[in-house]
Amino acid sequence: MDLQRGLPLLAQQFRALLMKNFLLTWRHKRLALAQLLAPLVFMFLLFGIEKSVNPSTGKPLYDPVAQTSLPIPPCEEKFYVTPPSIVYGHSIRSSVGMSSIRKLIGVRPQFDVLWDELSAEEHLYLFASIKGVPAASIKLAVEKSLAEVELTYAAKGRASGYSGGMKRRLSIAISLIGDPKVVILDEPTTGMDPITRKHVWDIIDNAKKGRAIILTTHSMEEADVLSDRIGIVAKGTLRCIGNSIRLKSKFGSGLIINVSFSEANTDANASCRRALRSFFKHHLNVMPKEETKYFVSYVIPHKEESNLRKFFTELQERETEFGISDIQLNLTTLEDVFLNIAMKAALENAADENNMTTLVLESGKSLIIPVGVEKIGIPGSVTPQNLSGLMVEVYWGQDSDGNLCITGHSAEMPIPVRDDLGSSLPPSLLKGIPDHGIVLDF
């Protein structure tokens with residue numbers, strides 16, 4: 001936020017202070033004055049940061065996309081002067097506005113909120129009345145909602161006799177009764193069988209027109225099928241938001257190439273797979289992710305995408321030689337995107353917590369290292385033949401509880417020479433503390 005947008009908020013708070021604190025004692029007014037000056041100091045500080053530039057790049061030191069509203073402190077308890085939140089033109093701060101907002105919102109909780117003694121029709125009559133549907137229109141609205149979720153045949157039956165899928169559909173019908181403009185669905189298909197889940201997906205997809213639907217789910221398939229925009233939360237922070245294709249291309253591991261072999265070529269299949277494996281290794285430096293007798297799958301990292309045009313041209317020319325019957329190129333899955341983001345969040349969290357773990361080298365030597373660090377120097381590895389010392393790259397994964405754990409490490413290798421310094425780390429540094437790995441940050 002710039003100074004031009006911040007000044008009206010400051011003026012608004014000043015007026016609020018005059019109204020709220022006019023009769024306060026001087027002791028209280030000093031506190032009020034401090035509250036008034038705090039956002040002013042912050043605003044000019046923020047303004048100075050916005051105008052600062054990096055001397056090496058000439059670019060601003062701030063990220064304009066990441067800016068949010070000015071955090072003006074409260075004048076007094078429960079009295080905040082911040083930009084109002086608006087839902088379809090109604091402010092959440094006004095009791096009249098909230099009354100209108102409640103009529104515009106439909107909610108489907110994670111668990112069905114139903115009464116066993118009431119029928120589907122009676123549930124919808126009740127919630128239509130609560131949402132303020134005109135009495136003359138309730139019957140038509142109920143019949144329409146029952147038809148949308150295909151519960152017309154069970155409209156008179158008690159909810160206690162409904163199956164789990166029928167209860168979920170009724171809960172969704174309740175959230176949609178009264179034609180709300182905003183619908184919140186909390187894990188609407190958890191625990192459903194595939195047929196019922198697909199049915200509920202169709203209901204939600206048909207309900208998207210003309211309204212905003214906020215859906216939470218742990219199913220990446222569900223998010224991919226239903227969502228126009230997807231946000232992923234990890235460690236309590238919104239990490240990304242965008243459409244499925246954008247997230248896959250930006251945060252995925254790369255492209256997936258699936259190659260199928262001809263069934264008529266089963267006798268020579270093993271030699272064809274070996275030749276194809278060498279071809280991929282030579283051109284793209286990748287190994288199979290999944291391999292069977294008739295099928296092989298590769299994940300191509302983003303850094304190799306520039307080589308794909310030449311690669312596919314030669315691969316198609318040699319299809320017969322490799323015994324290939326079909327080639328498919330796909331984006332990575334949304335599940336892969338989620339795992340990558342969760343891993344990145346876990347690494348950031350580990351850096352903040354500064355926890356330690358033990359790395360066991362191939363030589364049997366154990367080193368204590370910080371959790372999440374990828375490059376570790378080996379203390380005492382400097383020799384006359386290798387003045388830079390040795391290092392290993394540590395590979396991290398996550399256990400069933402989402403905690404970082406070591407999945408492996410590379411072979412010991414010389415620490416590369418730093419071009420900017422003209423040499424590697426000083427040999428004295430690589431003496432290190434016995435049994436403690438040395439963190440390398442290049």
Side-chain angles (χ1 to χ4, degrees), residues 220 224 230 232 234 239-240 242-262 269-348 372-376 391-398 404 406-420 440-442:
M220 296 299 103
D224 211 352
I230 300 169
I232 295 179
R239 301 286 172 168
C240 63
N243 60 47
S244 176
I245 295 177
R246 171 63 176 165
L247 296 184
K248 290 176 181 178
S249 61
K250 183 173 179 62
F251 299 103
S253 299
L255 299 172
I256 299 177
I257 298 179
N258 298 320
V259 179
S260 300
F261 297 103
S262 173
N269 194 264
S271 60
C272 289
R273 291 202 309 272
R274 287 195 297 270
L276 184 65
R277 192 183 301 115
S278 300
F279 181 78
F280 271 83
K281 178 66 176 176
H282 174 71
H283 287 80
L284 301 177
N285 194 30
V286 294
M287 295 299 291
K289 179 183 178 182
E290 183 180 354
E291 188 173 13
T292 67
K293 192 173 183 179
Y294 303 105
F295 171 87
V296 63
S297 177
Y298 292 88
V299 177
I300 311 302
H302 293 297
K303 64 180 181 180
E304 298 291 346
E305 290 181 5
S306 59
N307 300 323
L308 287 180
R309 182 174 182 179
K310 179 180 179 182
F311 169 81
F312 276 115
T313 300
E314 185 174 348
L315 182 62
Q316 288 182 324
E317 292 174 352
R318 301 177 63 179
E319 279 186 349
T320 304
E321 176 186 345
F322 294 138
I324 295 174
S325 62
D326 182 58
I327 303 172
Q328 297 179 354
L329 179 65
N330 301 307
L331 287 171
T332 187
T333 63
L334 198 59
E335 181 177 359
D336 179 64
V337 172
F338 179 82
L339 292 175
N340 287 343
I341 291 176
M343 172 64 75
K344 183 178 179 181
L347 290 171
E348 292 175 358
V373 174
E374 297 181 345
K375 295 181 176 66
I376 294 293
M391 62 167 283
V392 293
E393 291 186 0
V394 184
Y395 308 135
W396 297 92
Q398 290 179 288
L404 286 177
I406 297 175
T407 59
H409 62 83
S410 68
E412 296 179 7
M413 65 185 82
I415 296 176
V417 175
R418 295 283 297 273
D419 294 334
D420 54 342
L440 305 177
D441 59 358
F442 56 87

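These figures come from a predicted structure and were not determined experimentally.
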Enquirer: Looking at side-chain heavy atoms only, is the closest gap between V259 and F280 below 4.5 Å?
Expert: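 SC-SC contact between V259 and F280 confirmed.
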Enquirer: From I232 CD1 over to L334 CG, what is the distance, rounded to the nearest 0.5 angstrom?
Expert: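 With rounding to 0.5 Å, CD1 (I232) is 5.5 Å from CG (L334).
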Enquirer: Drop me the distance from I230's CD1 to S244's OG, to the nearest 0.5 angstrom.
Expert: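 Between I230 CD1 and S244 OG, I get 4.5 Å after rounding to 0.5 Å.
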Enquirer: Rounded to the nearest 0.5 Å, how far apart are CD of E393 and CE of M413?
Expert: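 It comes to 4.5 Å.
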Enquirer: Is atom CD of E335 surrounded by more than 12 heavy atoms (other residues, nucleotides or ligands) closer than 6.0 Å?
Expert: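 Result for CD/E335: open.
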Enquirer: Among residues at least two apart in sequence or on other chains, which ones pass salt bridge (Lys or Arg N to Asp or Glu O under 4.0 Å) with E319?
Expert: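 Testing E319 for salt bridge (Lys or Arg N to Asp or Glu O under 4.0 Å), a comparison that skips the adjacent residues, returns none.
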Enquirer: How close do V296 and P288 get, heavy atom to heavy atom, and via which atoms?
Expert: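 Between these two residues, the closest heavy atoms are CG2-CB, 3.8 Å.
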Enquirer: Quick one: closest heavy-atom pair of V286 and P301, and the distance?
Expert: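 For V286 and P301, the tightest heavy-atom pair comes out as CG1-CD, 3.6 Å.
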Enquirer: At their closest point, which heavy atom of A234 faces which heavy atom of A345, and how far apart are they?
Expert: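 Shortest heavy-atom separation between A234 and A345 comes out as CB-CB, 3.7 Å.
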Enquirer: Could you go step by step and tell me if R277 and E291 meet the side-chain contact (heavy atoms from CB on, under 4.5 Å) rule?
Expert: CA-CA 10 Å; R277 192 183 301 115; E291 188 173 13; 2.9 Å; yes
Enquirer: Check whether any side-chain heavy atom of I324 sits under 4.5 Å from a side-chain heavy atom of L276, and report yes or no.
Expert: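 Yes; the side chains approach each other to less than 4.5 Å.
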Enquirer: Please give me the minimum heavy-atom distance between I341 and C240, naming the atom from each residue.
Expert: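 The answer is CD1-SG, 3.2 Å.
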Enquirer: Assess whether side-chain contact (heavy atoms from CB on, under 4.5 Å) is satisfied between N340 and T332, documenting all intermediate values.
Expert: CA-CA 11 Å; N340 287 343; T332 187; over 6 Å; no
Enquirer: Any side-chain heavy atom of F312 sitting closer than 4.5 Å to one from L329?
Expert: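 F312 reaches L329 side chain to side chain.
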Enquirer: Looking only at heavy atoms, which two atoms of M343 and G397 are closest? And how far apart?
Expert: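 Residues M343 and G397, closest heavy atoms: CE-CA, 3.4 Å.
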Enquirer: Would E374 and L347 count as a side-chain contact (heavy atoms from CB on, under 4.5 Å) here? Give the steps.
Expert: CA-CA 10 Å; E374 297 181 345; L347 290 171; 4.3 Å; yes
Enquirer: Are the side chains of I415 and K375 in touch, meaning some heavy atoms are under 4.5 Å apart?
Expert: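 I415 does not reach K375 side chain to side chain.
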Enquirer: Is it the case that over 12 heavy atoms from other parts of the model lie below 6.0 angstrom from the CZ atom of F338?
Expert: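 Open.
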Enquirer: Please find the pair of heavy atoms, one from V299 and one from K289, that lie closest to each other, and give the distance.
Expert: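 Heavy atoms only, the tightest pair is CG2-CD, 3.3 Å.
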Enquirer: Would K281 and Y298 count as a side-chain contact (heavy atoms from CB on, under 4.5 Å) if you check the C-alpha gap in whole Å, the side-chain angles of each, and the deciding distance to 0.1 Å?
Expert: CA-CA 10 Å; K281 178 66 176 176; Y298 292 88; over 6 Å; no
Enquirer: Is there a side-chain contact between M391 and P416 (heavy atoms, below 4.5 Å)?
Expert: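 A side-chain contact under 4.5 Å exists here.
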Enquirer: Are side-chain heavy atoms of L255 and L308 found at a separation under 4.5 Å?
Expert: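 They are in side-chain contact.
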Enquirer: Please tell me if the side chains of Y395 and I406 come closer than 4.5 Å, counting only heavy atoms from C-beta onward.
Expert: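 Of all side-chain heavy-atom pairs linking I406 with Y395, none is under 4.5 Å.
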Enquirer: Has S260 got a side-chain atom pairing as donor or acceptor with S325's backbone, closer than 3.5 angstrom?
Expert: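 Checking the backbone N and O of S325 against the side chain of S260, no donor-acceptor pair under 3.5 Å is found.
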Enquirer: Looking at NE2 of H282 and CD of E314, how far apart are the two atoms once the value is rounded to the nearest 0.5 Å?
Expert: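 Rounded to the nearest 0.5 Å, the NE2-CD separation comes out at 7.5 Å.
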Enquirer: Quick check: do I257 and F311 have side-chain heavy atoms less than 4.5 Å from each other?
Expert: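 Counting from C-beta outward, I257 and F311 do come under 4.5 Å.
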Enquirer: Please list every donor-acceptor pair under 3.5 Å in which a side-chain atom of residues 245-252 meets a protein atom from a residue at least two apart or in another chain.
Expert:
residue, atom, partner, partner atom, Å
K248, NZ, D224, OD2, 2.9
S249, OG, I245, O, 3.1
S249, OG, R246, O, 2.9

